[in-house]
Structures are given as C-alpha cells and as structure tokens.
Number of protein chains: 2
Amino acid sequence: MDTLETRELRYFVAVAEELHFGRAAERLGMAQPPLSRAIQQLERRLGVCLLERNRRGVRLTGAGEVLLHEGRAALDATAAAARRTRRAGGADNPGGPRGRLVLAVKAAASHELLRKLLDAYAAEPGSAEIEVLPCGICEQEELLRDGRADVALMHTPWNSLAGFDSEALTTEGQVAVLPAGHPLAARATLSLADVRDVPDLPLARWPTHGTYAPGPGPEIHNQTQLAQLIALGRTVAVVPDSARSWLWAEHTAVPLTDAPPVVTHIVWPAHSRSLALAGLVRTAARL
Amino acid sequence: MDTLETRELRYFVAVAEELHFGRAAERLGMAQPPLSRAIQQLERRLGVCLLERNRRGVRLTGAGEVLLHEGRAALDATAAAARRTRRAGGADNPGGPRGRLVLAVKAAASHELLRKLLDAYAAEPGSAEIEVLPCGICEQEELLRDGRADVALMHTPWNSLAGFDSEALTTEGQVAVLPAGHPLAARATLSLADVRDVPDLPLARWPTHGTYAPGPGPEIHNQTQLAQLIALGRTVAVVPDSARSWLWAEHTAVPLTDAPPVVTHIVWPAHSRSLALAGLVRTAARL
DNA sequence: CGCGGTGATACCCGGCAGGTATGACAGGAC
DNA sequence: GTCCTGTCATACCTGCCGGGTATCACCGCG
C-alpha cells in the first residue's frame with residue numbers, strides 16, 4: 001500500500017534529473033509510455049504531485065525536490081546493501097581472510113600517512129586485506145554512501161564528514177606554491193589575501209563535483225598539470241604542507257599564516273559493524 | 001540485473017529477524033512457499049549464501065548479517081523518502097506554511113529548553129509549524145532515520161548522534177534522587193560509587209531498545225512510576241539537573257561529582273536540505 | 001496551417017509474484 | 001523400528017502488472 005519500490009525510485013530520479021520523459025526512458029533502457037504511467041502511479045500512491053507538466057517540458061514541485069534528494073539517498077543505501085553483501089559473501093570460510101576493506105583515498109594525498117597506516121595495519125594479527133581505491137576528493141562521500149568503499153581518508157575543510165563517523169588523524173598547515181623566481185617567493189610567510197590578489201598569478205581553480213567556480217585562474221584537472229603551470233609562472237596554488245613532497249626545483253613553498261588548517265580524518269559509514277573496519281580505525285588512532 | 005528491490009529486502013529482513021520462514025511469511029501476510037522462493041532468488045542474484053538451513057531452523061551467515069544491517073538502513077531510507085515526500089506535498093502553495101517540521105523529544109525531558117526554543121522559533125518571520133512528537137529516548141534515532149521525524153533533541157551520552165548532523169545546545173550535571181529521609185540525602189554531594197552500592201536502594205533500571213540490563217533494581221517504565229518508587233524508599237535514580245522540576249516533596253536531589261555531564265543537542269539527518277529546518281537550527285544555536 | 005516535439009492514452013502480451021498441494025527430511029516419543 | 005510433527009523445498013497453476021507498440025492531444029513555431 002505505501003512502500004516505495006526501488007524501481008519506482010530509479011524511474012523518478014531519472015525523470016527528475018533529465019526533466020524529460022523521453023530521455024529518461026532512453027537512459028533507463030525502456031519505452032516512454034510505461035515510464036509516464038509508472039510516474040503517475042507513484043504520484044497517485046503518494047497522493048502528491050511531484051512534477052509540473054507544462055506543455056513544453058517538465059519541472060519539479062517542492063515535493064519532487066524532496067523525493068529527488070531522499071530517493072537518491074535511499075537508492076545509494078540499497079546499492080550499498082547489495083555491494084557490501086556480495087563482498088561479504090566470499091569470506092564465509094572462517095579462519096580465512098576476515099573480509100576485505102575498500103579504502104578510498106584522494107589520489108596522491110597523504111602518501112606518508114597512508115603508507116604508515118597500511119604497514120601498521122598489515123602487521124596486526126588477523127588483519128583483513130585492504131584494497132586502495134584512488135579517486136577524486138568529491139567522489140569519496142558518494143563511494144562510501146553507495147557501498148563501493150568501506151572507509152576513506154578525508155580532508156577537512158574540503159570534505160564535509162556529514163552523516164559519517166570519523167576520527168581525526170593529523171593536522172597540517174597550508175603553503176602557497178609559487179614559481180621560484182617570483183618576488184613573493186622571497187617572503188618568509190604570506191597571508192591568503194597576498195596570494196589572492198597577485199595580478200600576474202591568478203589562483204588556480206579545482207573542480208567541485210565536475211564544475212569549476214568562476215574566476216580568472218586556470219582550470220586544473222590534475223596535479224601534474226598544476227605543477228607545470230606553476231613552474232611556467234602562470235598560476236599559484238594553496239596546498240597542504242605535506243604536498244611539499246611533490247614540488248619541483250622551479251617551485252617555492254611559502255607558509256600561509258591565516259589559511260585554515262587541513263585535518264586528515266579516517267571516515268566510515270556511521271552504522272558499520274565490520275570487525276575489520278574496527279581494527280583499521282583502532283590502528284589509525286594509534287598512529 | 002543487480003539492483004535489489006525493496007520487496008526483496010523486506011522479505012529478507014523479516015526472515016532474518018524471525019529465523020523462521022513460516023513466521024516471517026505470516027508477518028508479511030503471505031504464504032511460506034513464495035517467500036522461500038523469493039529468498040532463493042535473492043541468494044542466486046547476489047551470488048551469495050545468506051542463510052544456513054539446518055533441517056531444524058535457520059541461521060544467518062556472515063553475508064546474511066551484513067545484509068540484515070545494510071538492508072534495514074536501506075528500508076529506513078526508502079520509508080523516509082516516502083514519508084518526507086508525502087509531508088512536503090501539502091505545502092506546495094507558495095506563501096503558505098513553509099512546510100511542517102516534526103520534532104522528536106524524549107517525553108518530559110528539557111521542558112524548559114523546548115519551551116524557549118518553540119517560542120523563539122515561532123517569533124521568527126516565515127517560520128514553519130512545529131509538531132512535537134514525544135517518544136522514548138531509544139526511538140528518536142529510528143524516527144529520524146525512517147522519516148517519521150525531521151529533527152530531534154537528544155541527550156549524550158545516552159544517544160549516539162552517529163550518522164546525524166548536530167549542534168550542542170546546553171550542558172548540565174546530574175543529580176542523585178533519593179527518598180528525603182534516607183541517610184545519604186543529608187550529604188552535600190555524592191559520587192557514582194556511593195549510589196551504586198547502597199544495599200537498601202538498588203539503582204533503578206531503564207529499558208534500552210525494549211529490554212532491561214540485568215541488575216537488582218526495579219524495572220522502570222515511566223517517570224511517574226520512578227518518582228513513586230523513590231518516594232516509597234525502594235530505589236534511587238541518577239537524572240540530569242533539569243529533572244529537579246518534577247521532584248516531589250518526598251524526594252531529595254544531591255549533586256553527583258563524577259557523573260558524566262549531559263549535553264542536549266539538536267540533531268537532524270545529515271543530508272537534509274529543508275529551509276524550515278535550517279531556520280530552527282539557527283534559532284536553537286542563538287539560545 | 002502543417003510540422004515537430006512533448007507527454008498521455010489505449011490496447012495487448014508475457015513473465016513473475018503469489019497461492020495451494022505436496023514432498024523430503026530430521027528429530028522426538030514410544 | 002514406526003509414527004507424528006515441524007521444518008523448508010518443489011511442482012504447478014493463475015491473475016496481475018510491468019512493459020511494448022501504436023496512436024492521440026496539445027502546443028509552439030516556421
């Protein structure tokens with residue numbers, strides 16, 4: 001009578017994202033009429049109008065917005081249930097590996113810490129196998145939510161940690177990375193205002209969920225590209241202390257006095273009950 | 001091919017909780033054979049053995065345990081999606097009430113704070129209607145997860161806050177509530193060890209998720225009952241400072257020196273995006 | 001005024017969810 | 001041993017509903 005099926009949620013999320021029944025149906029691999037009917041049924045069953053059909057296109061109502069957000073969360077949760085169950089399935093042999101953990105890390109961040117953590121955990125008795133999944137910083141939350149990863153190393157203030165359990169591991173300051181020859185590179189320290197307003201060195205921009213904030217600086221896709229652009233004297237970047245390990249000879253790092261400190265956390269889904277995960281977190285907390 | 005339907009999750013959770021196909025089928029309002037078949041299909045599709053069928057009864061495998069936990073979370077999420085969408089449906093008229101918020105509070109806790117919060121929020125321009133949902137302290141987390149409530153006032157260390165966003169509001173100490181005539185009632189302060197080891201006054205026990213921890217003290221169902229048992233000289237209780245407001249003349253409250261402080265938080269689902277909720281949290285933070 | 005593009009409707013069909021009847025098997029009472 | 005009982009699995013049937021195709025109704029636009 002009143003329990004949503006995941007099929008219905010999948011359909012609605014597709015329509016709400018495309019705002020177009022035809023395209024949504026194509027994405028779902030089905031014809032348009034059954035999709036229309038399914039959405040109508042959904043609206044009737046919920047007793048709520050989800051979409052506003054103007055003759056030209058479709059718009060979300062308030063309730064539609066709510067269902068889009070909540071539905072995505074629910075779909076993530078069911079996908080996570082399936083994935084984690086599948087992964088737990090192989091490890092039914094007692095005495096064998098106590099499961100496998102997937103650890104999501106931002107590519108090339110916290111090398112040092114990651115190495116120490118993996119070594120220390122591998123030395124624990126009865127430790128599980130750890131699969132390291134490199135990814136962009138914005139994907140980590142999604143990976144944890146939909147079960148593709150079990151645990152992640154995240155960095156505030158960039159990641160939000162909302163909805164997860166976490167434990168802080170290390171704190172570090174931030175530095176400005178400048179071309180070695182630049183006048184500012186001679187300074188002992190800088191402030192954020194200093195590096196934001198250099199007319200010949202616009203601040204590099206990183207993508208957030210695939211899109212770039214507006215600004216004069218170049219759009220950065222990866223760390224190598226950033227390093228090159230700095231070396232060429234085209235931009236400046238603000239990065240955590242530990243990033244000094246990948247600097248070139250043509251780079252100079254100057255400490256920033258007023259940049260927010262970067263805290264590395266180990267993060268996992270709040271309801272997790274995995275023994276292997278508990279062991280990894282305990283090991284991390286002892287580092 | 002690989003996406004779980006909520007129907008399958010509902011079925012599996014029922015079987016995993018009952019550990020008995022017949023009873024689970026009855027609970028689900030269906031016959032046993034289709035249920036058996038559905039679970040077999042689920043196992044085949046996941047490629048994982050979930051249940052160990054010994055001729056006498058059923059047991060969960062490791063993967064089954066995982067699916068029970070994750071599946072419950074997924075079912076809660078879909079139920080929350082349905083409920084929140086339904087509730088958002090009424091408020092489609094712009095200019096009308098900006099939605100309605102359901103606030104879960106432990107019955108009879110934080111009277112004072114609640115009153116101040118409701119008054120302050122009602123005075124805000126454009127504030128939503130607040131429905132107060134009294135409940136036991138253990139139900140609050142479930143209510144938030146499955147969408148029956150949007151926001152709650154919780155009290156650490158009893159509630160866990162894991163998986164939610166929260167903001168601390170007030171901190172208070174705890175007191176021991178004793179019969180007025182008892183020798184300990186004459187003391188200016190007490191320690192936890194003092195009240196735990198009184199032979200004639202065993203510490204009252206509150207239920208946790210419907211069950212009681214073992215111990216000598218009486219099992220308490222509600223606050224009135226507790227008050228009466230204390231007045232009769234049958235038990236002693238440890239409660240937050242603010243509970244002084246409901247004490248009887250026959251009660252004496254003595255501050256505890258080493259009890260953990262009780263922090264009242266306002267708590268909401270981490271992914272919530274409701275304007276009304278944001279307003280309420282802002283109001284609470286200013287108190 | 002036709003034409004293209006949108007979502008809705010009408011109708012049909014096949015698969016699968018669900019029911020009933022029954023089987024297979026283990027354990028207990030005697 | 002032989003019942004009987006309680007368990008889950010199998011066999012088979014049926015009706016519903018999810019999905020497909022064809023078509024309609026409507027609007028905006030050249």
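Dashed line: the shortest gap from a side-chain N or O of A/Arg53 to OP1 or OP2 of D/dC26 is not under 4.0 Å. Dashed line: the shortest gap from a side-chain N or O of A/Ser36 to OP1 or OP2 of C/dG7 is not under 4.0 Å. Taking side-chain N and O atoms only, B/Gln41 has no distance below 4.0 Å to OP1 or OP2 of C/dC16.
The nearest whole Å value for the distance from the CD atom in A/Glu5 to the P atom in D/dG18 is 9 Å. Atom-to-atom, CD of B/Glu52 to C1' of D/dC8 comes out at 15 Å; the value is rounded to the nearest Å. Regarding A/Glu26, its CD atom lies at a distance of 13 Å from the P atom of D/dG20, rounded to whole Å. For the pair B/Arg7 CZ and D/dG18 P, the interatomic distance rounds to 11 Å; values are reported in whole Å. In this structure, the CG atom of B/Leu42 is 16 Å from the P atom of C/dC16, given to the nearest Å. Distance, A/Glu8 CD to D/dC17 C1': 12 Å, rounded to whole Å. In this structure, B/Arg59 places its CZ atom 17 Å from C1' of D/dC8, rounding to the nearest Å. In this entry the distance linking CG of B/Leu35 with P of C/dT20 reads 14 Å, nearest Å.
Counting atom types as modelled, B/Arg37 pairs a side-chain N or O with a base atom of C/dG18 as donor and acceptor under 3.5 Å. If you check distances only, the side chain of A/Gln32 does reach the base of C/dA8 with a donor-acceptor pair under 3.5 Å.
Between the side chains of B/Gln40 and B/Ser36, no donor-acceptor pair is found at a separation under 3.5 Å. B/Glu52 and B/Thr61 form no side-chain donor-acceptor contact under 3.5 Å, judged by distance and modelled atom types alone.
Across C/dT20, C/dG7, D/dT21, the shortest atom-to-atom separation from the side chain of B/Pro34 is found for C/dT20. Counting only heavy atoms from C-beta on, A/Pro33 has its side chain closest to C/dA8 among C/dA8, D/dA9, D/dC8.
Comparing B/Gly22 and A/Met30 by the nucleotide of DNA chain D that holds the closest heavy atom to each, the one mapping nearer the 5' end is B/Gly22.
Contact check on B/Glu65 versus B/Arg59 returns no salt bridge, with no Lys/Arg side-chain nitrogen under 4.0 Å from an Asp/Glu carboxylate oxygen. Between A/Arg100 and A/Asp150 no salt bridge is recorded (no basic side-chain N to carboxylate O distance below 4.0 Å).
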Review point. Given the rule in the side-chain contact (heavy atoms from CB on, under 4.5 Å) test, do A/Glu141 and A/Phe164 qualify, once you have shown the distances and angles that lead to the verdict?
Key: CA-CA 9 Å; A/Glu141 302 166 33; A/Phe164 300 116; 4.2 Å; yes
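DNA chain D lies under 4.0 Å from at least one heavy atom of each of the following residues of residues 9-21 of chain B: B/His20, B/Phe21.
No side-chain heavy atom of B/Arg148 sits less than 4.5 Å from a side-chain heavy atom of B/Val102.
Here the shortest heavy-atom pairing between A/Ile137 and A/Lys106 reads CD1-CD, 3.6 Å.
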